[in-house]
Amino acid sequence: MLDITFIKENPQLVIDSMNNKGENNAQLVQQLIDKDEQWRQLVHKIDLLRAKSNKLAKQIGALMASGKKEEAQAIIQETSKSKDEVKKLEDKLNVIAEERTSLLLRIPNVAHPSVPIGHSEEDNQVYGTWGSPDTQSWLKPHWDILERCGWLDFERGVKVTGGGFPFYIGPLAQLQRTLIHFFIDEANKAGYIEMQAPYFINEDSARGTGQIPDKEDMMYEIPRDAFFAIPTAEVPVTNFHRDEILSEEQLPIRYVCHTPCWRREAGSYGKDVRGLNRLHQFDKVELVHFVKPEESYATLELLRVHVESLLQKLGLAYQTLLMCTGDMGFTQTKKYDLEVWSPGQQRWLEVSSCSNFEAFQARRMQLRYRKGEKETEMVHTLNGSGLALPRVLSAIVETYQTENGRVRVPDILKKYIDREYL
RNA sequence: GGAGAGUUGGCAGAGUGGUCGAAUGCGGCGGUCUUGAAAACCGUUGAGGCGCAAGUCUCCGGGGGUUCGAAUCCCUCACUCUCCGCCA
């Protein structure tokens with residue numbers, strides 16, 4: 001959610017920004033400004049009425065206390081009349097306030113000036129590359145390798161739960177556990193505080209990070225208890241500080257948190273779903289930052305560099321994309337995607353996206369910090385995956401496969417898995 | 001799951017219908033005193049909305065109701081604690 005004052009002062013900027021993000025709805029801004037004006041006038045009117053009746057109520061109290069019952073009765077007569085009017089206006093205000101908020105929630109975050117303007121993924125900029133994509137023709141996709149080894153079992157996953165819920169078996173399970181361990185260790189070294197979070201969240205949390213309204217279809221729901229299964233650790237970890245006023249000394253705060261993630265992925269069945277490419281449940285190590293506004297863009301670079309270092313240490317070729325306005329998403333001001341090379345599929349796979357939200361999430365969550373003596377200011381939030389496990393697993397299996405069908409252990413992981421082959 | 005008790009400002013804790021946004025204590029901040037510090041004493045100290053301002057409104061777990069007036073009464077939901085049961 002953007003700051004309404006900012007929108008009113010910069011309507012054209014917001015409209016341009018919406019266009020750049022592919023949300024061509026210029027009227028929305030004007031509707032919001034009009035609605036806000038209505039809201040303000042009504043608030044003012046109601047405040048005046050309430051001030052009047054508060055005053056009268058106090059007079060009544062005073063009269064009752066001094067035993068002047070009849071005089072009190074007279075005022076009660078008078079004030080009961082305006083009561084209905086206030087009630088009517090309050091109902092109206094509730095409606096308008098709700099409309100105002102829902103308009104406000106439909107306005108996307110404004111992209112940072114450094115973000116390329118574009119409509120689709122074609123317009124994303126390749127920000128950097130590392131390593132060289134292996135394009136030899138004998139390289140097999142991970143599902144071939146894993147199936148033959150018996151390390152990944154989709155069929156029993158279907159039997160036990162459904163599609164997209166595989167079992168990882170033996171060495172592959174060990175590799176995944178090891179990677180999680182490695183990622184968290186690296187984050188710890190970089191100053192992140194390790195955290196374990198709930199796997200279910202309530203509605204307020206889903207609203208806080210913007211999963212609802214509109215994106216509830218991405219989440220699994222437990223209606224009996226009014227919970228959602230987390231689609232990413234971002235939700236519980238960012239909401240950890242919801243409705244708080246942090247002290248300036250606390251910032252920056254950096255958390256690392258491993259969780260499974262559940263996504264319904266409704267309507268996304270297609271050619272990209274083979275093997276570990278797209279699942280309903282997958283593990284991810286998430287990095288979350290809470291920082292002062294003036295630090296958030298430097299922090300985004302810090303985050304990107306950290307995540308890139310993980311891929312470098314694993315020896316996986318990757319490219320970093322600076323996402324264009326049209327491919328960036330509703331809530332971000334700037335976003336990098338990291339894509340690892342999949343030699344067996346001859347394509348790039350997204351394994352992380354690192355985003356700055358500025359105050360967009362914080363404003364929703366009422367997450368502030370104390371600036372100086374009295375003033376409060378919204379915190380800036382950022383997050384990035386560090387990293388999403390299944391696609392890293394496939395990249396490792398495909399990158400480290402040998403011609404006789406084995407998989408070597410990456411050197412960096414040998415302190416955890418003390419052998420040459422998985 | 002059953003029975004009971006609670007939910008008030010950063011914390012502790014009063015307040016059961018009328019100047020209560022809220023006593024008091026602790027903590028925080030400022031000051032006096034002191035070579036400095038502690039102690040003591042004095043002052044100050046919740047968040048948010050509207051408004052150029054004066055000012056005004058809202059918030060005592062969430063939502064709804066009764067009343068001229070609600071932290072205080074009623075309904076409802078959530079959460080916390082205690083006891084019992086069950087359990088990794």
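Chain naming here is simple, since letters A, B, ... match the order of the sequence lines and numbering starts at 1 in each. The model shown is predicted, which means the values in this text are computed figures rather than measured ones.
Set against B/rC50, B/rU58, B/rC68, the side chain of A/R40 has B/rC50 as its closest nucleotide. When distances run from any side-chain atom of A/I76 to the nucleotides B/rC68, B/rA47, B/rU58, the shortest one goes to B/rC68. Of the candidates B/rC50, B/rU58, B/rA47, the closest approach to any side-chain atom of A/R368 belongs to B/rA47. Of the candidate nucleotides B/rC68, B/rC57, B/rC50, B/rC57 has the atom nearest to the side chain of A/D47.
When the side-chain nitrogen and oxygen atoms of A/K55 are compared with OP1 and OP2 of B/rU56, none of them lie within a distance under 4.0 Å. Side-chain N/O atoms of A/K58 include none lying less than 4.0 angstrom from OP1 or OP2 on B/rG17. The phosphate of B/rA47 has OP1 or OP2 within less than 4.0 Å of a side-chain N or O from A/R370.
Note on A/D84 versus A/K87: no salt bridge recorded, every NZ/NE/NH1/NH2 to OD/OE distance being 4.0 Å or above.
A donor N or O paired with an acceptor N or O is not found under 3.5 Å between the base of B/rG69 and the side-chain atoms of A/N54.
Across all strands, A/K52 comes closer than 4.0 Å to no nucleic acid atom at all (heavy-atom distances). Contacts of A/I60 with the nucleic acid, taken as non-hydrogen atoms under 4.0 Å apart, include base atoms. Note on A/S53: nothing from the nucleic acid sits closer than 4.0 angstrom, heavy atoms only.
Searching all strands for a Watson-Crick or G-U wobble partner of B/rC87 with both distances below 3.5 Å returns nothing. Checking B/rA23 for Watson-Crick or G-U wobble geometry (two distances, each under 3.5 Å) identifies no partner in any strand. Nucleotide B/rG6 forms a Watson-Crick or G-U wobble pair with B/rC79, both donor-acceptor distances falling under 3.5 Å. Taking a pair to require two hydrogen-bonding distances under 3.5 Å in either a Watson-Crick or a G-U wobble arrangement, B/rC29 pairs with B/rG43. Remark: B/rG36 base-pairs with no nucleotide in the shown strands. Criterion, Watson-Crick or G-U wobble with two distances under 3.5 Å.
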Checklist entry - How far apart are the C-alpha atoms of A/L251 and A/V291, what are their side-chain angles, what is the distance that settles it, and do they pass the side chain to side chain contact (heavy atoms under 4.5 Å, CB included) test? => result CA-CA 6 Å; A/L251 300 173; A/V291 304; 5.9 Å; no
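A/W39 places its CH2 atom 7 Å from the C1' atom of B/rC50, with the value rounded to the nearest Å. Atom CD in A/Q366 sits about 14 Å away from atom C1' in B/rU58, given to the nearest Å.
Of the two residues contacting RNA chain B, namely A/A57 and A/I46, the nearest-nucleotide position lying further toward the 5' end is that of A/A57. Between A/H44 and A/A62, the residue anchored closer to the 5' end of RNA chain B is A/A62, taking for each the nucleotide with the nearest heavy atom.
Taking the six-membered ring for Trp, A/Y255 and A/F240 have ring centres closer than 6.0 Å.
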